[in-house]
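Okay, structure first, notes after.
Numbering of ligands and ligand atoms starts at 1, following listing order.
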Amino acid sequence: MKLIPLILMGCGGVGLQLIHHIVSCRSLHANKGVRLRVVGLCDSKSLLVASDVYSMELDDSILLEVCRVKSNGSSLVTLASSVVAGEHQAYSGPEVMRKVIEIASLLGKSKGLTIADCSASSETIGVLNQVVDLGCCIVLANKRPLSSSLEDFDKIYGDPRRIRHESTVGAGLPVISSLNRILSSGDPVNRIIGSLSGTLGYVMSEVEDGKLFSEVVRTAKTLGYTEPDPRDDLSGMDVARKALILARLLGLRINLDSIKIESFYPEDMGPSVMPVNDFMKNGLPLLDKDIEDKIKRASSNGNALRYVCMIEDSRCEVGIRELPKESALGRLRGSDNVLEIYSRCYNQQPLVVQGAGAGNDTTAAGVLADILDMQDLFP
Ligand SMILES: NC(=O)c1ccc[n+]([C@@H]2O[C@H](COP(=O)([O-])OP(=O)(O)OC[C@H]3O[C@@H](n4cnc5c(N)ncnc54)[C@H](OP(=O)(O)O)[C@@H]3O)[C@@H](O)[C@H]2O)c1
Ligand SMILES: *[C@@H]1O[C@H](CO)[C@@H](O)[C@H](O)[C@H]1NC(C)=O
């Protein structure tokens, strides 16, 4: 049996679902001759680790206890004080990073320790930068490490065989792997265009059906489709981070601030100027007319209106665009993500990747598949 040691950073929606997947896939993995050994887990405050990372692991009963505690909204610390002494230890503050690096130096090169980042934080970048040098494999759902500075990107991507990050773009959809396969075959990609926000995809298709933009956004918020402050979706920043990751894979040496980002709301309705309730009640309706006009214009041109990322030549943009109704993007309904890739091989008709681009379940499944994808690197 091949043993794959793992440290998981982030026990939120995605991290907990990953734990569930790991536990429920035990016999499936055994049939494939592998076993995942979770040796450490951390949230924003603390790290829980097996006392002896060579011979011990956090067993399934502890993993499920972690799920219970974290879904109640408690911190991992509460668990640390109640667990059986001697089998695992807890660390907090600056000790967390020190301990992760210590484990990485023990199990990185020798055992192929995988560090999975399912946090939504930039704070993990420091650790990731260090563990690459220790021979660890890295799996990311977190977009921050690859969408911050170019220096961090280069460092973390230093050995492409040891990093997977499928879930950073389009959740579990095979966006990154499709793109990497095209690129590694020498087929030049000259254009990527995609709708990479489930929330904005939903909003645009509802508006296309004649509903008022403000009403659609309010409903989306009530249904839990948006971030708590819908401006986090409407700003386009999340889409821009995904676009940046794709652009960098194509070799563009750019940063977030060189991407032209179109926001749905003007600066004077921004979070630092207007409280969220005020925006929902009074700000949003002021945006209806403009969207309605754009929809009408698109429709009279035989087009659909979509919020997309576009990468072409050395340009990378994020914003509202008219697209042919009969294209994959034009036909898009609801919250699916769609990505069209144009290359020499896919020139008239693009390669299209489409499906659910969000959700704890699919995102965690993407992370798990990534972890297993690198196992063959180690004997
Ligand atoms: N959910 C989706 O549909 C989806 C889809 C694609 C990609 N993603 C990405 O997947 C990641 C996780 O999403 P999520 O929905 O699970 O987020 P979440 O529910 O907010 O969970 C984030 C987790 O990260 C932990 N955390 C924060 N700072 C940390 C640090 N410095 N070190 C270690 N852990 C830290 C948090 O700790 P506390 O519990 O202590 O707060 C929390 O457990 C995000 O980067 C997101 O963009 C999510
Ligand atoms: C994802 O997980 C979080 C935390 O467990 C939960 O609040 C949220 O409702 C889940 N999202 C979905 C779409 O199931």
Side-chain angles (χ1 to χ4, degrees), residues 7-21 40-49 64 66-80 90-101 115-131 138-148 164-176 196-202 220-229 232-233 237-242 244-245 335-337 355-370:
I7 292 180
L8 169 61
M9 302 198 285
C11 304
V14 175
L16 295 183
Q17 191 64 55
L18 175 63
I19 295 176
H20 277 295
H21 283 329
L41 282 171
C42 59
D43 62 9
S44 62
K45 295 195 188 64
S46 49
L47 166 74
L48 191 66
V49 284
L64 295 174
V66 166
C67 291
R68 200 185 56 76
V69 167
K70 289 302 297 180
S71 4
N72 287 339
S74 309
S75 169
L76 269 183
V77 187
T78 53
L79 193 72
Y91 297 85
S92 297
E95 285 208 307
V96 171
M97 182 161 168
R98 205 173 43 71
K99 188 66 190 175
V100 171
I101 288 162
I115 311 268
D117 183 353
C118 294
S119 77
S121 166
S122 303
E123 287 166 20
T124 59
I125 296 174
V127 180
L128 294 172
N129 274 329
Q130 297 201 41
V131 300
I138 291 177
V139 174
L140 309 171
N142 183 8
K143 290 175 276 290
R144 302 274 168 165
L146 299 180
S147 60
S148 299
R164 295 290 184 279
H165 57 102
E166 194 58 84
S167 295
T168 56
V169 181
L173 293 177
V175 165
I176 304 295
L196 296 175
S197 157
T199 313
L200 299 180
Y202 167 84
K221 178 171 157 67
T222 314
L223 294 173
Y225 291 177
T226 68
E227 293 295 325
D229 184 340
D232 289 342
D233 299 295
M237 274 309 287
D238 186 62
V239 177
R241 284 192 185 277
K242 295 173 184 170
L244 180 59
I245 293 174
S335 63
D336 268 7
N337 280 191
N360 297 332
D361 197 348
T362 49
T363 309
V367 173
L368 182 53
D370 276 352

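No heavy atom of Arg144 sits closer than 4.0 Å to any atom of ligand 1.
Heavy-atom contacts of Ser167 reach the following atoms of ligand 1: 6 (C), 7 (C) (cutoff under 4.0 Å). Below 4.0 Å from some heavy atom of Asn360 lie the following atoms of ligand 1, by number and element: 1 (N). Under a 4.0 Å criterion applied to the non-hydrogen atoms of Gly13, ligand 1 contributes the atoms 16 (O), 19 (O).
When side chains are defined from C-beta on, Asp232 does not count as touching Met237, because their heavy atoms never get closer than 4.5 Å.
In terms of N/O distances under 3.5 Å, ligand 1 is not approached by Gly15. Between Gly359 and ligand 1, at least one pair of N/O atoms sits closer than 3.5 Å. Checking only distances, Ala358 never comes within under 3.5 Å of ligand 1, N or O to N or O. Every N/O-N/O distance between Ala171 and ligand 1 stays at or above 3.5 Å. An N or O contact shorter than 3.5 Å links Ser44 to ligand 1 by distance. Below 3.5 Å of separation, one finds an N or O of Lys70 facing an N or O of ligand 1.
With hydrogens left out, the protein atom closest to atom 31 (N) of ligand 1 is Glu123 OE1, 2.9 Å, a heavy atom. In this structure, atom 25 (C) of ligand 1 lies nearest to the protein heavy atom Gly10 CA, 3.7 Å.
The backbone and the side chain of Asp43 each have at least one atom closer than 4.0 Å to an atom of ligand 1 (non-hydrogen atoms only).
When distances from atom 20 (O) of ligand 1 to the protein are checked, no heavy atom turns up under 4.0 Å. Under the 4.0 Å distance rule, the nearest protein heavy atom to atom 28 (N) of ligand 1 falls inside the cut-off.
Residue Asn360 holds the heavy atom nearest to atom 8 (C) of ligand 2 of all those in Asn360, Thr362, Val14. Considering Cys11, Gly359, Gly13, Ala358 only, the shortest heavy-atom separation from atom 5 (O) of ligand 2 involves Gly13.
Panel note: side chain Lys221, backbone Pro228; a donor-acceptor pair is recorded below 3.5 Å.
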